[in-house]
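Labels below follow one simple rule: chain letters A, B, ... track the order of the sequence lines, proteins then strands, and each chain is numbered from 1.
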Protein chains: 2
Amino acid sequence: MTVIFSKKCEYGLQAILFLSSKTRGERVSADEIASKLNIPKEFVSKILQSLTGSNIAASKKGKSGGFYIAKDPSQIKLLDVVKAIDGLDVFDNCVLGFPHCSKDNPCPLHNKWGKLREDAYNMLNDETIDKFYEKTVNKINSL
Amino acid sequence: MTVIFSKKCEYGLQAILFLSSKTRGERVSADEIASKLNIPKEFVSKILQSLTGSNIAASKKGKSGGFYIAKDPSQIKLLDVVKAIDGLDVFDNCVLGFPHCSKDNPCPLHNKWGKLREDAYNMLNDETIDKFYEKTVNKINSL
DNA sequence: CATAATTCAGATATTTTTGTCTGATTAAAA
DNA sequence: TTTTAATCAGACAAAAATATCTGAATTATG
Ligand code: SF4
Ligand code: SF4
């Protein structure tokens with residue numbers, strides 16, 4: 001069960017974090033990413049392909065090709081990845097699944113949830129993937 | 001797209017809120033619930049059936065039968081409904097989909113997310129469905 | 001008692017998400 | 001130049017979530 005992101009998005013985030021733990025420009029094959037992260041190879045490959053479209057990842061074909069990160073890790077926000085894969089609807093929808101109410105007469109959840117959602121958004125908007133470097137290295141080694 | 005709950009759970013919450021807007025003990029047919037809330041009839045019926053098992057809803061068969069709320073709205077927490085339908089895993093899983101790390105060396109998200117998650121849990125644990133009465137009445141009428 | 005309206009259980013169907021396969025293209029290196 | 005190892009595109013498959021159907025059991029009411 002995922003929390004708020006789709007599996008695609010979780011895998012995308014994991015893969016980007018993994019790529020960011022490599023030296024800049026180093027190409028990593030879908031095979032390696034998949035086996036290190038326990039993600040189906042073709043699936044992660046598809047996901048990274050789509051992230052090349054968003055200029056988050058980049059790739060090189062052919063022998064000794066692979067995926068790498070398209071810009072400096074400090075320039076990639078977690079939110080960028082989420083936006084590219086799941087979109088931002090989650091930050092806009094009613095947590096109870098109701099069509100939007102006007103803010104004039106909010107239910108008891110509305111403001112509380114609104115606050116949480118805003119915090120979550122800010123969190124993803126503030127955290128760039130370079131900040132995960134140390135943790136990611138440890139994590140990968142422990143899988 | 002749902003936010004953090006499954007559609008089943010969203011519908012369940014909506015249905016329980018709807019039932020709570022009726023006078024205590026009044027039986028409401030799946031048909032009425034479905035058409036008022038724009039939910040597939042058989043689906044909401046299934047969901048309420050399952051909630052009778054958790055002693056949140058109750059039902060009466062036969063002519064002029066239907067569903068009703070099993071206890072006083074002030075005794076039903078939103079969390080109870082979530083627990084009965086989706087379970088509580090969402091409050092336990094890593095938001096990035098990683099297997100759990102030890103708390104010794106958390107990534108930058110860990111504590112921030114942990115805090116948000118805790119707030120969300122408390123919110124659902126604090127809010128009882130009686131607190132939604134006024135809003136629910138308005139809401140239903142505006143659908 | 002017959003009828004109508006309902007829940008209920010279980011099977012089935014549809015849709016969405018997740019995962020896999022195939023073959024084409026690319027490029028390094030033998 | 002051939003072989004090898006990779007991405008890529010698009011079709012395909014499997015699983016999970018969502019939705020529908022069918023018929024049996026129940027119960028109020030005429
Ligand atoms: S007021 Fe409540 S029901 Fe309406 S959109 Fe906000 S959270 Fe959802
Ligand atoms: S430390 Fe980070 S990656 Fe690990 S469980 Fe916590 S949030 Fe997930």
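- Atom NZ in B:K63 sits about 6 Å away from atom C1' in C:dA5, given to the nearest Å.
- Under the salt bridge (charged side-chain N to carboxylate O under 4.0 Å, His left out) criterion, no residue pair touches residues 83-99 of chain A, with sequence neighbours excluded.
- With a 4.5 Å cut-off on side-chain heavy atoms, B:L109 and B:L96 count as touching.
- Across all non-hydrogen atoms, the minimal contact from A:A15 to A:I33 is CB-CG2, 4.1 Å.
- Heavy atoms from other residues, nucleotides or ligands lying under 6.0 Å from NZ of B:K131 number more than 12.
- Counting non-hydrogen atoms of other residues, nucleotides and ligands closer than 6.0 Å to NZ of B:K115 gives a total of 12 or fewer.
- Near DNA chain D, meaning a heavy atom under 4.0 Å from it, residues 23-32 of chain A has A:S29, A:A30 in order of number.
- Nearest-nucleotide positions on DNA chain C for A:S64 and A:P40 put A:P40 closer to the 5' end.
- A straight line from NZ of A:K61 to P of C:dA29 spans 18 Å, rounded to a whole angstrom.
- Results of the side-chain hydrogen bond (donor to acceptor under 3.5 Å, both in side chains) test with A:S45 over A:Q49, A:K41, A:E42 single out A:Q49 as the only residue that passes.
- B:G62 comes within 4.0 angstrom of a base, heavy atoms only.
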| task | Do nucleotides 10-16 of chain C as a string where each nucleotide becomes B, S or -: B if the base has a protein heavy atom under 4.0 Å, S if just the sugar-phosphate does, - if no protein is that close. | result | BB-----
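- Note: CZ (B:F43) to C1' (C:dC8) measures 16 Å, nearest angstrom.
- Using modelled atom types, one side-chain atom of A:D80 and one backbone atom of A:K77 make a donor-acceptor pair closer than 3.5 Å.
- In this structure, the side chains of B:F132 and B:L78 come closer than 4.5 Å at one or more pairs of heavy atoms.
- For B:R24 (side chain) and B:P73 (main-chain N/O), no donor-acceptor pair under 3.5 Å exists by modelled atom type.
- The minimum heavy-atom distance between B:L88 and B:L79, with the atom names listed, is CD2-CD1, 3.8 Å.
- Annotation: side chain of B:V82 is not in contact with side chain of B:V90 (no heavy-atom distance under 4.5 Å).
- Around atom CD of A:E26, more than 12 heavy atoms belonging to other residues, nucleotides or ligands sit under 6.0 Å away.
- One hydrophobic cluster, built from ILVMFWY side chains closer than 4.5 Å, cannot hold both B:V137 and B:I129; they sit in different ones.
- Between A:I16 and A:I69, some side-chain heavy-atom pair lies under the 4.5 Å cut-off.
- Of all the residues in residues 1-19 of chain B, not one reaches under 4.0 Å from DNA chain C with any non-hydrogen atom.
- Counting non-hydrogen atoms of other residues, nucleotides and ligands closer than 6.0 Å to NZ of A:K22 gives a total above 12.
- Taking a 4.0 Å limit (strictly below) on heavy-atom distances, residues 47-59 of chain B reaches DNA chain C at B:Q49, B:S59.
- Interface limits on DNA chain D: the 5'-most and 3'-most nucleotides within less than 4.0 Å of chain A heavy atoms are D:dT4 to D:dA11.
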